[in-house]
Amino acid sequence: MSELKYREALDSILNYKPAKSLQEIQDELGIDKILKLSANENAMGCSPLVYKALQKLPEEINLYPDFYCTKLREKLIKTLNVKEEQLIFGNGSFELISLLAQAFINSGEESIIPEPSFGWYKTVTLAMNGVIKSIPLRNHKIDLKDVLNQVNDKTKIIWLCNPNNPTGTIFEKQEFEKFIENIPTRIILVLDEAYIDFVSSDEYFDTTKLVDKYKNIISLRTFSKVYGLASLRIGYGIADKEIIDIINKIRLPINVNAAAQAAALASLNDENFKKSCIENNKEGKEYYYKSFSEMGLEYIPTETNFIMVNVLKDSMKVTDELLRKGISLRAGTEFGMNTWLRITIGKIEENILVIEKLKQVLNYKK
């Protein structure tokens with residue numbers, strides 16, 4: 001028996017289980033081709049400008065990357081109309097979420113986390129020996145009144161995924177404005193906006209305008225979704241200088257590699273590619289709405305690049321059957337939604353194939 005001693009807080013944490021890679025699935029089932037729509041990746045890939053930018057990297061590989069992400073920072077300052085000192089970059093949103101917990105949560109302090117939502121909020125809270133206060137969704141949406149009712153003297157961070165993963169729903173501007181006015185300024189309010197680029201609702205709001213007024217807000221964004229750079233791991237946060245300075249105390253000195261910086265900058269210079277991804281996503285979700293309605297299946301209208309549908313059967317069994325037909329989707333079981341599937345919206349031909357195979361698995365007959 002090992003005598004290794006580790007922090008007791010880790011006893012309450014389960015290892016993170018990402019969606020299986022294509023190679024894992026292929027090796028496991030002996031299938032040559034798998035359509036992976038289980039991890040909310042961009043089925044359109046990334047901008048052609050990214051490949052051109054990466055071709056220039058070999059001459060710089062021997063050099064450390066820019067600690068300050070200077071060129072990318074300058075581009076985002078202009079694009080978002082924020083101040084230089086209001087930006088922080090990370091190895092994806094995962095790292096920034098982890099850093100926020102490390103910087104602000106003391107033992108016994110509380111995180112308020114809507115349920116279901118992105119699971120990493122729980123992990124980082126428990127890692128700091130923090131306490132989780134889960135708030136159930138109402139009609140698949142985060143209810144900010146319910147969140148506010150749970151605020152107390154021990155509350156340290158409120159984690160709000162907007163649009164929410166896995167439900168794809170949002171809370172709206174008027175609702176949020178009433179909410180934020182009642183949140184003590186000592187509490188860090190995290191707005192995780194990984195899917196913001198896919199939002200089409202007029203009721204969404206520009207959170208970059210909030211950081212000047214509310215010094216306890218940080219908005220997190222990523223290049224993994226609409227820009228298709230999930231493999232390169234780069235995200236950023238927008239917040240008041242004080243929050244940024246605190247996080248920088250524990251951020252790894254060189255946490256964003258040169259390839260990620262170059263790719264992110266190139267992505268921001270290709271507005272046409274971004275528009276094509278958004279348009280493809282819009283067409284895809286309308287196709288799913290129509291298909292699910294015809295099949296008599298309940299679904300959650302989405303503001304993201306994925307959609308949840310209730311198949312009225314054990315979702316683990318359904319995803320297993322679909323996997324054997326060459327399609328990888330996410331079972332809702334891990335979100336406490338046992339009969340639901342989460343489907344990443346792909347290209348139109350991929351979406352058509354999903355519906356075709358789903359009908360077979362569900363024995364749907366028109």
When you look at Asp192 and Tyr121, which way does the side-chain hydrogen bond (donor to acceptor under 3.5 Å, both in side chains) test go after all the steps? CA-CA 10 Å; Asp192 187 347; Tyr121 311 143; 2.7 Å; yes
Give me the atom names and distance for the closest heavy-atom approach of [X] to [Y].
{"X": "Ala194", "Y": "Lys225", "result": "O-CG, 3.5 Å"}
{"X": "Asn129", "Y": "Ser107", "result": "ND2-OG, 2.6 Å"}
{"X": "Lys133", "Y": "Asn152", "result": "NZ-ND2, 3.5 Å"}
{"X": "Pro65", "Y": "Ile254", "result": "CG-CG2, 3.1 Å"}
{"X": "Met308", "Y": "Pro166", "result": "CG-O, 2.9 Å"}
{"X": "Lys36", "Y": "Ala39", "result": "NZ-CB, 4.0 Å"}

Taken to the nearest 0.5 Å, the spacing of Gln102 CD from Met128 CE works out to 6.0 Å
dist Gln174:CD -> Glu172:CD (nearest 0.5 Å) comes out at 8.5 Å
Hey, does the side chain of [X] reach the backbone of [Y] with a donor-acceptor pair shorter than 3.5 angstrom?
{"X": "Asn281", "Y": "Thr304", "value": "yes"}
{"X": "Asn363", "Y": "Lys359", "value": "no"}
{"X": "Asn280", "Y": "Gly346", "value": "yes"}
{"X": "Gln261", "Y": "Val256", "value": "yes"}
{"X": "Asn182", "Y": "Lys178", "value": "yes"}
{"X": "Arg342", "Y": "Gly332", "value": "no"}

Checking Arg251 against Phe67: charged group under 6.0 Å from the ring centre and within 45 degrees of the axis? yes
Relative to Phe94, does Arg233 satisfy both conditions: NZ or CZ under 6.0 angstrom from the six-membered ring centre, and within 45 degrees of the ring's axis? no
Does [X] pair with [Y] as a salt bridge, N-O distance under 4.0 Å?
{"X": "Glu115", "Y": "Lys122", "result": "yes"}
{"X": "Lys213", "Y": "Glu181", "result": "yes"}
{"X": "Glu271", "Y": "Lys275", "result": "no"}
{"X": "Lys71", "Y": "Asp66", "result": "no"}
{"X": "Glu109", "Y": "Lys156", "result": "yes"}
{"X": "Glu110", "Y": "Lys154", "result": "no"}
{"X": "Arg221", "Y": "Asp197", "result": "no"}
{"X": "Asp245", "Y": "Lys241", "result": "yes"}
{"X": "Lys274", "Y": "Asp270", "result": "no"}

Under 3.5 Å side-chain donor-acceptor pair for [X] and [Y]:
{"X": "Glu84", "Y": "Tyr68", "value": "yes"}
{"X": "Arg330", "Y": "Ser315", "value": "no"}
{"X": "Trp120", "Y": "Ser98", "value": "yes"}
{"X": "Ser47", "Y": "Ser267", "value": "no"}
{"X": "Asp212", "Y": "Gln86", "value": "yes"}
{"X": "Asn351", "Y": "Tyr288", "value": "yes"}
{"X": "Thr207", "Y": "Glu193", "value": "yes"}
{"X": "Asn164", "Y": "Ser117", "value": "yes"}
{"X": "Asn255", "Y": "Glu95", "value": "yes"}

Atom [atom1] of [X] with >12 non-hydrogen neighbours under 6.0 angstrom:
{"X": "Glu279", "atom1": "CD", "value": "yes"}
{"X": "Glu349", "atom1": "CD", "value": "yes"}
{"X": "Asp11", "atom1": "CG", "value": "yes"}

Heavy atoms, side chains only, cut-off 4.5 Å: are [X] and [Y] in contact?
{"X": "Tyr204", "Y": "Ile196", "result": "yes"}
{"X": "Val147", "Y": "Phe179", "result": "yes"}
{"X": "Phe104", "Y": "Ile246", "result": "yes"}
{"X": "Asn162", "Y": "Tyr195", "result": "no"}
{"X": "Trp340", "Y": "His140", "result": "yes"}
{"X": "Ser111", "Y": "Trp159", "result": "yes"}
{"X": "Leu72", "Y": "Leu268", "result": "yes"}
{"X": "Leu297", "Y": "Asn310", "result": "no"}

Is there a path from [X] to [Y] through hydrophobic residues (I, L, V, M, F, W, Y) whose side chains come within less than 4.5 Å of each other?
{"X": "Tyr51", "Y": "Phe273", "answer": "no"}
{"X": "Leu100", "Y": "Ile187", "answer": "no"}
{"X": "Ile300", "Y": "Phe335", "answer": "yes"}
{"X": "Ile113", "Y": "Val151", "answer": "no"}
{"X": "Phe198", "Y": "Ile307", "answer": "no"}

Take Phe89 and Arg73 through the side-chain contact (heavy atoms from CB on, under 4.5 Å) test and state the conclusion after the steps. CA-CA 9 Å; Phe89 296 89; Arg73 185 181 299 268; 3.8 Å; yes
Please report whether the ring centroid of Tyr236 lies less than 6.0 Å from that of Phe223. yes
As a quick check of understanding, evaluate side-chain contact (heavy atoms from CB on, under 4.5 Å) for Val50 and Tyr227, giving each step before the final call. CA-CA 10 Å; Val50 169; Tyr227 296 107; over 6 Å; no
Go through the steps to decide whether Ile343 and Val354 satisfy the test side-chain contact (heavy atoms from CB on, under 4.5 Å), and finish with yes or no. CA-CA 9 Å; Ile343 306 171; Val354 169; 4.3 Å; yes
If you apply the rule side-chain hydrogen bond (donor to acceptor under 3.5 Å, both in side chains), what do you find for Thr344 with Asn40, and how did you get there? CA-CA 5 Å; Thr344 303; Asn40 302 340; 3.0 Å; yes
Start with the C-alpha gap between Glu294 and Lys290, add the side-chain angles, then the distance that decides, and say whether salt bridge (Lys or Arg N to Asp or Glu O under 4.0 Å) holds. CA-CA 6 Å; Glu294 290 175 352; Lys290 181 175 180 291; 2.8 Å; yes
Apply side-chain contact (heavy atoms from CB on, under 4.5 Å) to the pair Ile188 and Ile105, showing each step before the final yes or no. CA-CA 10 Å; Ile188 301 298; Ile105 298 177; over 6 Å; no
